[in-house]
A.B. asks: 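After the structure tokens below, expect a handful of questions from me.
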Amino acid sequence: MAQRQLMTGNEAMAEAAIRAGCRAYFGYPITPQNEILEYMASHLPQAGGAFVQAESEVAAINMCYGAAAAGVRTMTSSSSPGISLKLEGISYLAGADLPCVILNVARGGPGLGNIAPAQGDYFQATKGGGHGDYRLIVLAPSTVQEAAELATLAFDLSDEYRVPALLLADGMLGQMLEPVALPTPRDPGSLPPKPWALTGAAGRGPNYVASFALDPLDLRDLNLKRHARYREIEARELRWEEVSTSDADLLIVAYGTMGRIAKTVVRQARREGIRLGLFRPITVWPFPYAPLGELAERVKAVLTVELSAGQMWEDVRLAVEGRCPTPFYGEMGGVVPTPSDILREVKRCA
Amino acid sequence: MPETQTLTKVFARPRSLTDKRFTYCPGCHHGLITRILGSAIDKLGIQEKTVIVAPVGCAVFAYEWFRCDGVQAAHGRAAAVATGIKRARPDLTVVSYQGDGDLAAIGTAETIHAANRGEAITVIFVNNQIYGMTGGQMAPTTLDGQRATSCPEGRDPATMGHPLRVAELIATLAAPLYVTRQSLHDAKHIAQATQAVEKALRYQVEKRGYSLVEIVANCPTGWKMPPQKANEHIAGTVTKVFPLGDLVDRG
Amino acid sequence: MERAVVFAGFGGQGVLLAGKILARAAMDEGLEVTWLPSYGPEMRGGTANCTVVLSDEPIGSPIVESPDVVLAMNGPSLDRFESRVARGGTVIVNSSLISKRPARDDVRTVALPANDLARELGEPRVANMVALGAVVRALGVLPLAAATGAMEAELGAKARGRLFEVNRTALERGYAQTGAGLI
């Protein structure tokens with residue numbers, strides 16, 4: 001195992017991106033993700049990459065669009081209100097089949113909200129957000145170690161499927177320190193080639209990158225091809241974690257920061273003789289419907305816990321399909337429930 | 001005496017343009033500007049290193065008319081997209097081709113900040129004082145009193161502001177290498193505009209700096225004028241509001 | 001084994017740094033650890049706090065309802081966190097700035113004159129290191145040397161020479177004082 005370092009989630013995601021071969025980062029200040037921008041400012045140029053503090057979130061995502069079109073691994077980061085501004089560009093990235101990694105260190109909303117951790121951007125991340133029929137690969141880390149690993153995975157998946165990938169973190173994960181064993185640095189030159197990229201039409205015909213097709217039949221065809229890739233991602237890239245599910249008769253479903261807090265709840269519940277398990281989606285798009293549905297056959301209830309009014313809850317209910325009751329417990333506005341708050345809800349289901 | 005004369009080809013489509021037909025209206029200057037850009041790319045021999053960034057607007061298909069790599073940007077964001085390409089691959093020659101709604105309304109922030117950073121890109125700014133593609137609405141460059149579908153009584157400066165002078169705005173910044181305003185209303189001006197576009201590209205290749213070539217253009221359809229009359233309107237009226245010439249040349 | 005500490009005080013008293021050094025010491029000793037700060041405008045004045053969880057297993061919640069040790073560097077911090085200390089846990093009260101004592105009889109209290117001890121060392125800024133020494137003693141899961149090593153690594157080049165010595169002495173004083181300061 002690589003030597004462990006003490007890093008915040010923000011720093012770990014930034015460093016992992018550089019190690020994954022990211023060589024173009026564009027960002028704009030917003031709390032609680034400023035450390036990513038600052039880390040990139042001081043580290044990316046040393047790695048031979050391009051860093052620009054853009055004039056806006058809108059400009060930053062469009063700079064990513066340019067760098068992605070040029071075939072370079074590129075990333076932007078922001079927090080909830082800034083992600084809203086990026087949605088136009090994200091839709092264009094999706095429509096032009098460009099790989100790009102977007103970090104959302106989410107905060108309380110809507111509007112300016114606050115800077116505390118929240119999960120109110122789940123719909124935005126997993127159900128579209130921007131206009132048109134597109135999907136993002138959405139990965140939800142729960143620890144600093146996992147944030148570094150999923151940042152790496154996000155670049156690989158995004159390149160492989162030519163689908164933008166979003167890391168759905170939150171202010172708590174971004175700001176907290178944990179030991180992390182960083183992935184081995186990769187040379188961008190060793191990454192798979194991108195024959196479609198804009199590198200100059202030398203010795204080949206021109207490459208065009210666009211999200212535009214005026215003829216409805218052409219645009220439908222592009223959409224169908226893209227959705228075939230989405231089906232492939234759903235079939236091959238589901239990721240989730242199960243804790244103490246083998247004998248569980250009650251199940252919590254939680255992701256990201258809530259997912260790790262729920263692990264403490266499972267331990268506490270088990271000490272009190274409650275057979276509680278945890279299902280933690282790591283890919284929230286694609287959502288692991290089938291494995292959750294199978295677990296729902298064996299339990300008395302599936303309790304969804306989120307830092308929102310119930311967004312992932314809709315996917316949980318689609319997975320459970322009425323096999324058992326699906327109660328919900330959530331907090332909003334940056335309030336983070338404690339393990340005993342959650343245990344109290346668990347006991348109401350028992 | 002030979003029975004056939006040898007003919008010399010003196011005028012041809014630039015090599016860096018594809019055979020695709022332009023989608024522009026008859027008499028529109030966009031086609032001419034595309035040709036001028038194509039011949040400048042030919043002249044500098046940079047077709048294999050050039051990337052065209054197309055806007056949203058009448059030139060939305062611009063990337064398809066060049067035998068160069070091309071990308072279509074979101075409305076107003078061409079300068080940011082060009083920045084991303086240039087920063088990722090500094091050896092490419094990056095040209096953003098934008099209209100007035102794109103560059104001077106929705107994309108004002110991206111325009112000014114790319115210029116202010118001195119991005120080594122070439123911006124071709126087509127100022128025809130109207131939104132052509134969407135059907136003739138008022139643009140930020142529409143003249144005082146000029147009628148458009150969204151100002152049917154004419155642009156009223158009291159509530160709609162005056163035409164935005166982009167070249168003058170950009171010329172206040174320290175970083176740009178070359179800022180100029182050109183026109184295409186007669187042969188002499190076409191020749192001058194051609195030289196300006198060449199110079200802007202050359203500055204990018206040789207001096208790695210930012211250039212903006214604003215081209216005062218017509219829109220016969222949107223203006224509801226025959227092309228000849230539209231050109232006279234440019235000569236007599238439009239160039240009074242948008243004076244021609246170089247504003248900055250630090251090359 | 002899982003232990004949690006809350007470091008709390010005014011912004012500028014160095015409580016976040018003290019927590020960070022404890023976290024690094026735990027990592028260096030092969031433990032799992034989380035360091036969760038209050039963040040944002042709070043750190044530019046007003047109160048600051050961080051929670052450090054140390055464990056020999058992967059850590060679930062970095063949020064802790066009942067910390068084993070609370071370090072209160074100022075009065076408002078004592079008011080805020082006293083009720084949350086785990087039964088049988090320890091409250092370290094910076095007695096240089098706080099005259100009152102916890103009302104609870106199910107926790108042990110350490111009265112630590114952190115600022116006075118730092119002044120005695122000729123460097124008022126090391127009150128946080130005095131406090132960290134006390135925390136390490138109260139926790140009882142890390143050797144003091146781990147904290148000293150982590151302090152040196154965290155302060156980096158700044159900690160060479162006299163400044164390192166005074167910080168190390170501060171850690172030792174806090175550590176020793178806590179052994180003697182049980183009420």
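Heavy-atom basis, side chains included; hydrogens, waters and symmetry copies ignored. The structure displayed is predicted, hence computed values, not measured ones. Below, chains carry the letters A, B, ... as their sequence lines are ordered, and counting in each starts from 1.
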A.B. asks: Let me know if A:Leu214 has heavy atoms under 4.5 Å from chain B in its side chain, its backbone, both or neither.
C.D. replies: side chain

A.B. asks: Which one of B:Val51, B:Val60, B:Val53 has the most heavy-atom pairs closer than 4.5 Å to chain A?
C.D. replies: B:Val60

A.B. asks: Between B:Phe61 and chain A, with a heavy-atom cut-off of 4.5 Å, which part of the residue counts as in contact: side chain, backbone, both or neither?
C.D. replies: side chain

A.B. asks: Chain A heavy atoms under 4.5 Å from B:Ala78: which part of the residue, side chain, backbone, both or neither?
C.D. replies: neither

A.B. asks: Between A:Gly66 and B:Ile85, what is the shortest heavy-atom contact and its length?
C.D. replies: O-CG1, 3.3 Å

A.B. asks: Heavy atoms only, distances under 4.5 angstrom: which of A:Ala50, A:Ala59, A:Ala24, A:Gly49 has the most pairs with chain B? Name it, please.
C.D. replies: A:Ala59

A.B. asks: Which one, B:Gly70, B:Ala88, B:Cys68, B:Ala82, leads in non-hydrogen pairs under 4.5 Å with chain A?
C.D. replies: B:Gly70

A.B. asks: Please tabulate, one pair per line, the N or O donor-acceptor pairs under 3.5 Å between chain A and chain B.
C.D. replies:
residue, atom, partner, partner atom, Å
A:Glu55, OE1, B:Arg117, NH1, 2.9
A:Tyr65, OH, B:Gln72, O, 2.7
A:Ala70, O, B:Arg89, NE, 2.5
A:Ala70, O, B:Arg89, NH2, 2.9
A:Glu88, OE1, B:Arg77, NE, 3.2
A:Thr199, N, B:Asp69, OD2, 3.0
A:Gly200, N, B:Asp69, OD2, 2.9
A:Ala201, N, B:Glu48, O, 3.3
A:Arg204, NH1, B:Asp69, OD1, 2.8
A:Arg204, NH2, B:Asp69, OD2, 2.7
A:Asn207, N, B:Asp69, OD1, 2.7
A:Asn207, O, B:Gly70, N, 2.9
A:Tyr208, OH, B:Phe66, O, 2.8
A:Val209, N, B:Gly70, O, 2.8
A:Val209, O, B:Gln72, N, 2.9

